[in-house]
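Read the structure below first, then the notes.
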Amino acid sequence: MSKKASQFQKRVMSLGYRGKEIFKPLNTGWIDEHTACIREWIANIFFYTKNGTTIMIDAGYNYDRLAEKMRWLDIDPSSIQDILITHQDTDHVGAVERDSDGLFRHATLYLSEVENRYMTGEVRRKVIFGTYKLPMVETDNKKVLLKDGEVFQIGDIRVEAIMVPGHTWGHMVYLIDEAYLFTGDTIWFGPDGGYSFINSLAEDNDLAKQSLEKLEKILRERGLSPKIITGHTGWSQDLDFAFAHRDQVCNSLKRQKPHDPSAPYDGYDESDDTEEGARNVPLVSVNDVEKHKVLLFGAGVIGAYLAHVLIQAGNEVTILAREERAKSLRKNGLVIKHHLQRTTTKDPVEAVTDVGGRSFDAAFVVMPYHKIRQALPQIRQLNTKLLVLVGNDLAPAEVEEDLRKAPGIEKILFGFQVSGGKKEADHYVCERFGGSFMDIGRLHGRTDTELRKWTEKLFEGTSYKLNWQDDMEAYLICHPAAILPIGYLSYICDGNLRSSTKEQRRMMVDASHEAYEALKAIGIPIYPEGEDKFYENGARGKLMQTLYLIMSKSRIGDLIACEHCRNAVSEMEQIDAFYEELLKDYPEEKLETWNRLRGMMPSWDELHRKYGN
């Protein structure tokens, strides 16, 4: 494959695979004292050294930085006399093609006799589900053709060739000194284990899966646990992990799930592959890549969806819950029925009733306003780099002042997640639009860039959004201006917004408008900025009326509004009392609709008796 063609593939594949987390190459460096690696865009080539002999495994692209990166590892190209070829694809043989730089002209190539049929032109290599034929690879190097199971020596190095057809018809893996298994494009590592390599590039995906089964059987029957080193996705010495999904294939047509936080957005971007890193940073196993440890305190429906998102982002999530809920989560997993999306997800999750002295990178406390203060003694005991208090809180400054005295809490943010639903005995029902989002920030002032980026990393790879606010105290005070009228009408309609009238829905909008005007009059800035415009005349106001209509005439309203109102009477009462005190000096005639709507609902005592909370 010419250098021009290599550059073309780089441009095209970079665009095609960007953001899909398919290719996760190791950077240039050393896995251990025997095994070195060079990164060539999305591919890795390897060098194995023993008792003065160094062999090369695969020859990468026709890549113009190969000699430079070999110098980083203090490996002389002229010392390479033997190269093991797993298969003849152009990202594995480029450095020995006829039009390459010729660094290894005198090296002997070892490959399967079946694979060699591609190189003689007897068979053409097909990709993209068999629809496209790759150019024939041409080389002038001497070749040694191998049979399945053949064992041979190169110096003191023992090499066993095992044929694993599927990706190509004659693909080989090489078991070296029974301690290292170089697998080329046989296995693809996701964050949850190994799969058969990329579906669109295989000659026969079913055969590839059978080969994985064969390979696992060989290793287990012989009691071997080698370092399993892949061509594009790192290495692992955990057999259970490596063959976890041997009956499944990596689907290159979609973004991978679960999310792998260690995966580069664009595998062709080599900006983090440096000589300093090659000489000083060991290449760790995929099992040793550090995950963020995240605590979710509060297992209600809001917290459950947040936990699901954090798990999907590749974090190690622990849920702190009451005994009954924790027991259910341990038994059933975190099961969520996503109403609008018509899907059900199930995440294995650690659920506990006490975290003891454990430390976390982040902790999200998700609970109703009236329960925050009850939970403060537990929250104070947490050890976490970042604490995010999620939900309604109308005295956040007092809470923050209290928690700043806690020795184990480094930084504090406040947030509000927009989603709803209900909690069942063994699962949750979630109502959300898109991936949902959280408005988040410090109580006052802009959150520093470093903390913002670090927090966003926790959600990387999901469609969940963080909207940064510069005054979360004002945000939390403003929020009830929108939600209290919905709550009032929900109680008026006996928890059934479908029975609401057009006039009542209009009153909801007008009541919120009056409340926002009152807040501005007493000097409280509106957050999110422009939120008050949705309750005025004009395009935004019409949009809000339409949304209220949809909400009130569908199950969306039941899950977003009514379910919460039924199960959070105490919280709603305290928010109502806060607003009554906040607006007590504001002229009553300017809150006419607000007061009229509020006066139509049952008393709080009646609501407590009715809903039992």
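Taking 4.5 Å as the limit, every side-chain heavy atom of Thr183 sits out of range of all side-chain heavy atoms of Thr86. With contacts defined as side-chain heavy-atom distances shorter than 4.5 Å, the pair Leu296/Leu320 does not qualify. In this structure, Thr455 and Leu386 have side chains that are in contact, with non-hydrogen atoms separated by less than 4.5 Å. By the 4.5 Å heavy-atom criterion applied to side chains, Phe360 and Asn383 are not counted as neighbours. A heavy-atom distance below 4.5 Å is not found between the side chains of Arg125 and Lys133. In this structure the side chain of Gln417 never reaches within 4.5 angstrom of the side chain of Phe437, judged on heavy atoms. Between Ile440 and Asn467, every side-chain heavy-atom pair lies at or beyond the 4.5 Å cut-off. The shortest side-chain heavy-atom distance between Asp58 and Leu84 does not fall under the 4.5 Å cut-off.
In this structure, Ile336 and Ala304 approach most closely via the heavy-atom pair CD1-O, 3.6 Å. Ser419 and Ser436 make their closest contact through CB-OG, 3.9 Å (heavy atoms, listed as atom of the first residue, atom of the second, distance). Ile80 and Met56 get closest at one heavy-atom pair: CG2-CB, 3.7 Å. Nearest approach of Gly267 to Pro25, heavy atoms of both residues: O-CG, 4.4 Å. Heavy atoms only, all atoms of each residue included: Ala244 and Gly193 are closest at CB-CA, 4.0 Å. Scanning all heavy atoms of the two residues, the minimum distance from Leu334 to Ala307 falls at CD2-CB, 3.9 Å.
Residues Tyr305 and Tyr428 keep their aromatic ring centres 6.0 Å or farther apart. Ring to ring, Tyr464 and Phe459 are close: their centroids are under 6.0 angstrom apart. Ring-centre distance between His92 and His232: below the 6.0 Å cut-off. A ring-centre distance under 6.0 Å is found for Phe152 and Tyr110.
Ring geometry for His167 versus Phe197: interplanar angle over 60°, hence perpendicular rather than tilted (30 to 60°). Ring geometry, Tyr268 versus Tyr61: the interplanar angle falls from 30° to 60°, so the pair is classed tilted.
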Please determine whether side chain to side chain donor-acceptor pair (under 3.5 Å) holds for the pair Tyr63 and Asp91, giving the CA-CA distance in whole Å, both sets of side-chain angles, and the decisive distance to 0.1 Å. CA-CA 9 Å; Tyr63 179 74; Asp91 55 337; over 6 Å; no
The test is side chain to side chain donor-acceptor pair (under 3.5 Å); show your working for Asn199 and Asn251 and say whether it passes. CA-CA 6 Å; Asn199 59 349; Asn251 186 349; 3.2 Å; yes
Steps toward salt bridge (charged side-chain N to carboxylate O under 4.0 Å, His left out) verdict (Glu324, Lys327): CA-CA 5 Å; Glu324 185 177 351; Lys327 185 177 179 181; over 6 Å; no
Using the rule given for side chain to side chain donor-acceptor pair (under 3.5 Å), can you reason through Asp238 versus Ser236, listing the C-alpha separation, both sets of side-chain angles and the distance that settles it, and then say yes or no? CA-CA 6 Å; Asp238 183 338; Ser236 172; 5.5 Å; no
CA sep, side-chain torsions, deciding dist, call: Phe243, Leu212, side-chain contact (heavy atoms from CB on, under 4.5 Å): CA-CA 8 Å; Phe243 295 99; Leu212 272 189; 4.0 Å; yes
For Ile187 and Ile228, what are the C-alpha separation, side-chain angles and deciding distance, and is it a side-chain contact (heavy atoms from CB on, under 4.5 Å)? CA-CA 9 Å; Ile187 302 176; Ile228 298 172; 4.0 Å; yes
Verify salt bridge (charged side-chain N to carboxylate O under 4.0 Å, His left out) between Arg18 and Asp269, making sure each step is shown before the conclusion. CA-CA 10 Å; Arg18 194 174 294 173; Asp269 179 1; over 6 Å; no
Evaluate the side chain to side chain donor-acceptor pair (under 3.5 Å) criterion for residues Glu115 and Thr168: first the C-alpha distance (whole Å), next the side-chain angles of each, then the deciding distance (0.1 Å), finally the verdict. CA-CA 7 Å; Glu115 195 73 7; Thr168 63; 2.8 Å; yes
For His427 and Asn332, what are the C-alpha separation, side-chain angles and deciding distance, and is it a side-chain contact (heavy atoms from CB on, under 4.5 Å)? CA-CA 8 Å; His427 70 276; Asn332 304 307; over 6 Å; no
Which is it for Glu270 and Lys69 under the salt bridge (charged side-chain N to carboxylate O under 4.0 Å, His left out) test, yes or no, and what are the steps along the way? CA-CA 12 Å; Glu270 296 183 311; Lys69 291 187 178 183; 3.1 Å; yes
Leu175/Phe182 under side-chain contact (heavy atoms from CB on, under 4.5 Å): CA gap, chis, key distance, verdict: CA-CA 7 Å; Leu175 181 61; Phe182 294 90; over 6 Å; no
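We find that Arg452 and Glu450 are not joined by a salt bridge, their nearest charged nitrogen and carboxylate oxygen being 4.0 Å or further apart. Salt bridge Glu68/Arg65: present, at least one basic N to carboxylate O contact under 4.0 Å. A salt bridge links Arg220 to Asp240: one of the charged nitrogens lies within less than 4.0 Å of a carboxylate oxygen. Between Lys291 and Asp361 no salt bridge is recorded (no basic side-chain N to carboxylate O distance below 4.0 Å). A salt bridge is absent between Lys331 and Asp426; no separation between the charged side-chain nitrogens and carboxylate oxygens falls under 4.0 Å. Ion pairing between a basic and an acidic side chain is recognised when a charged N comes within 4.0 Å of a carboxylate O; Glu275 and Arg279 show such pairing. Using a 4.0 Å cut-off between a side-chain N of Lys or Arg and a carboxylate O of Asp or Glu, Arg358 and Glu350 qualify as a salt bridge.
Phe189 pairs with exactly one of Trp235, Phe23, Phe241 by the ring pair (Phe, Tyr, Trp, His ring centres under 6.0 Å) rule, that one being Phe241. Considering Arg246, Arg222, Lys209 as possible partners of Glu216, the one that fulfils the salt bridge (Lys or Arg N to Asp or Glu O under 4.0 Å) test is Arg246. With Tyr48 as the partner, the side-chain hydrogen bond (donor to acceptor under 3.5 Å, both in side chains) test is satisfied by one option alone out of Thr54, Thr35, Asp177: Asp177.
In this structure, a donor-acceptor pair under 3.5 Å is absent between the side chains of Gln248 and Trp188.
Other residues, nucleotides and ligands contribute only 12 or fewer heavy atoms inside 6.0 Å of the NZ atom of Lys126.
Side chain of Thr90 to backbone of Gly94: no donor-acceptor contact under 3.5 angstrom is found. Judged purely by atom type and a 3.5 angstrom limit, His87 has no side-chain atom pairing as donor or acceptor with the backbone of Gly170.
The OG1 atom of Thr318 sits 6.5 Å away from the CG atom of Leu295 when rounded to the nearest 0.5 Å.
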